[in-house]
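The structure under discussion appears below in the form of C-alpha cells.
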Amino acid sequence: MPNPFSLSRSTEGNLSVIHLEGYLDAHTAPQFEHAIQEEIDAGRYRIIVDCASLTYISSAGLGVFMSFIEEVREQGGDIKICGLTPKVKQVFDILGFSQIYDICDNHPDAVHRFAESPLREG
Amino acid sequence: MPNPFSLSRSTEGNLSVIHLEGYLDAHTAPQFEHAIQEEIDAGRYRIIVDCASLTYISSAGLGVFMSFIEEVREQGGDIKICGLTPKVKQVFDILGFSQIYDICDNHPDAVHRFAESPLREG
Amino acid sequence: MESIERKFTLRFPSSTENLALVREFVGVVASQAGMDAAEVGKLELAVDEACANVIEHAYGHDTSKEVIVRANFNDEAIHIHVEDTGRGFDPASVTSAEVERLVLERKSGGLGMRLMKTLMDEVRYEIEPGLKNELHMTKFLKKKKSDK
Amino acid sequence: MESIERKFTLRFPSSTENLALVREFVGVVASQAGMDAAEVGKLELAVDEACANVIEHAYGHDTSKEVIVRANFNDEAIHIHVEDTGRGFDPASVTSAEVERLVLERKSGGLGMRLMKTLMDEVRYEIEPGLKNELHMTKFLKKKKSDK
Ligand SMILES: Nc1ncnc2c1ncn2[C@@H]1O[C@H](COP(=O)(O)OP(=O)(O)O)[C@@H](O)[C@H]1O
Ligand SMILES: Nc1ncnc2c1ncn2[C@@H]1O[C@H](COP(=O)(O)OP(=O)(O)O)[C@@H](O)[C@H]1O
C-alpha cells in the first residue's frame, strides 16, 4: 500500500509528542490508542499529536482522540492536535471535533499553546 | 492510481528524447507507440527513450520497442534505452531484450553512444 | 445517449487489514467515474466506515467470513453496496449521539454511521440477520459542463 | 497447524483502463501473503498479462464484458484464477517465438504467455469457448525461517 501506518514518540521537556504517519483506520487505531494509554499510565498528560504526515483518518482514529480527552483534561493536561492536512482536517470539521479539540497549525504553535496555559483544567 | 502514465518529448541536436513516466501497460502503450511513430514519420531515427521515471512495464510496452527497432536501424538510426530501474530492467532481461537493445545507464551515456556511432546501420 | 453502467466487485476476508484495499478499490472506481480528489476521499471514507462496521459488528472480527463491496457507476451516480451474512442489526434503533456527549462518556465509537450519512446522498439498509445484510449508498455525480 | 486459505475476488469491466486496478489488487494480496517487493512485482506482471489477454483476445475490447480475478493464498502458495466467458483459444497451438524472430517480423506482441510461464510456477488453462475460460496460475511461497 502507498501509505502504511507508522507512529513515533518523543518528549520535549514536559510535553509528549506523538507523530502519526500514513493512515489511521480501524486497523491501525489500536496502535495509536496504545501509545496514548502509555503516556497516561506514565502520568504524562500534556500530549501533542503531530498529524503533518497523516494522510487519512476514519472514525476509528477519531475515536481514540474522543475517548481520552476527558481524562487528560481532568488531570490538568490536554491533547493538542497539529499539522492537519486539509483532507484530514475536513473529517475533524464534519464531526465537530474542531470545537472540542485545540487544533493548532503546526508543532511550534502547539508548544506555545501549552506554554500559555500551563495548568489548564478540564 | 499512484503512478499514472505520462510522456514528454524533446530534441537535443539530431537526437529525439522520449521521457516515460509512471506505468507502461496495455492501456498506455498506444501513447508511446504514437510518439515513436511520429518521430519516424518526421524522419527522426536517432531516439533515446529515457525510462528513469518509468515504474512499470508489461509486454505491451516492450512490444512497442520490438516493433520499431528494425525499421529505425534500417534507416541508420537506433533506439537507445536509458535509466531503467532494477524492477523494469528485470523484465527486459527475462525476455532477452538486453541482447537486442542498446541499454545505457543514463541519459548522457545514451548521448555518447550515439556520438560514437554516428552512422550505425541495422 | 444511453448511460452505460460500469460494475466492479471486491470480495475479501473480514479483517480490518483489508480496509486499505477497500479504499484503493473505491478510489480507482470513483476516479473513473470522474470524481475529483476531494470527492474520492469522501467516498473512500464512507465505504471504509461501512466495511469497518461489518468487520467489527456484523462478523465480530471472524476473519473466516467474507465481505462483498460492489461499486457501480453511470453518468449520474455512483452506487455502493456492502453485503455481509453476519449478525445484522436494526439501523432505526441506532440513535446518533452528539460528539459532546460521546466525549463526556469517554466513548471511542459511535461516529461511523453519522459520517456515512453526512458523506453520502443516500444510505439505506436491508437486513436479514444471518442471511444477507445489505447496505446501499449513493453519491450523485456533479454534472460537467462538457457533458451532453 | 492448519493452513488457513485467504480468498479475494475482483470483478471489473473488460477494459485496459482497469489493469492498474488489477495490479493494485494483486499487489495488496501478495504483500499479505508475505511476498517481498520483487516477488510482488512479478506476480503483478503475470496477472496483468493474463488480464490484458482476456481484454484483448477473449473479449476483443468489448467493455460491456466482465473479467474475474481470484487471488487465494495459504502458507504454501498463492493461486490466481482469471475467468472470462469470451472467445477462448487453444493454448497448445500458441508457439512461443524467440524475441529475435519477433523483432525481425516487426511484431508488437507475442510475449505475454512467455512472461506468464517464466514468472509463475504453474500455468494451466481450462477452455470452454463462450461459456467459461479459466486460467489457473500458482506461485509457491518461500518458506520463512520463522515459520513453524
Ligand atoms: N453492519 C453492521 N452490523 C451490525 N451492527 C452494526 C452495523 N453497523 C452498525 N452497527 C451497530 O450500530 C452501532 C453504531 O455504529 P457506528 O455509528 O458506525 O459506530 P461504531 O461502529 O463506532 O460503534 C454499532 O455500535 C453497532 O451496534
Ligand atoms: N485469454 C485469451 N483468450 C483468447 N486468446 C488468447 C488468450 N490469451 C492468449 N491468446 C492467444 O494467444 C496469442 C499469444 O498471446 P501472448 O503470448 O500473450 O501474446 P500477445 O497477447 O501479445 O499476442 C494471442 O495473440 C492470442 O491469439
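These figures come from a predicted structure and were not determined experimentally. Within every chain, numbering begins at 1; the chains are lettered A, B, ... in the order of the sequence lines, protein sequences first and strands thereafter.
Contact between Glu17(D) and His27(B) at its shortest, heavy atoms only, is N-ND1, 3.2 Å. Across all their heavy atoms, Leu111(D) and Gly63(B) have their closest contact at CD1-N, 4.4 Å.
Contact check for Ile94(B) versus Leu119(D): side-chain heavy atoms found under the 4.5 Å cut-off. Contact check for Val99(D) versus Gln99(B): no side-chain heavy atoms found under the 4.5 Å cut-off. Two residues are said to be in side-chain contact when any heavy atoms from C-beta on lie closer than 4.5 Å; Ser58(B) and Leu45(D) meet this criterion. In this structure the side chain of Thr16(D) never reaches within 4.5 angstrom of the side chain of Asp25(B), judged on heavy atoms.
Proximity to chain D is limited to the side chain of Ile69(B), based on heavy atoms less than 4.5 angstrom apart. Heavy atoms of Glu100(D) lying under 4.5 Å from chain B belong to its backbone as well as its side chain. Of the atoms belonging to Tyr56(B), it is side-chain heavy atoms, and not backbone ones, that fall under 4.5 Å from chain D. Interface residue Phe97(B): only side-chain heavy atoms are found under 4.5 Å from chain D. Neither the backbone nor the side chain of Glu33(B) comes within contact range of chain D; no heavy atom of the residue lies under 4.5 Å from a heavy atom of that chain.
Atom CD of residue Glu74(B) and atom CZ of residue Arg106(D) lie 4.0 Å apart, to the nearest 0.5 angstrom. In this structure, Glu70(B) CD and Lys107(D) NZ are separated by 13.0 Å, a value rounded to the nearest 0.5 Å.
A 6.0 Å sphere centred on NZ of Lys7(D) holds no more than 12 heavy atoms belonging to other residues, nucleotides or ligands. Taking a 6.0 Å sphere around NE2 of His61(D), one finds it holds more than 12 heavy atoms contributed by other residues, nucleotides or ligands.
Counting heavy-atom pairs closer than 4.5 Å to chain B, the top-ranked of the candidates Leu102(D), Asp48(D), Thr118(D) is Asp48(D). The candidate with the highest count of non-hydrogen atom pairs below 4.5 Å against chain B, out of Leu115(D), Ile55(D), Leu19(D), is Leu115(D).
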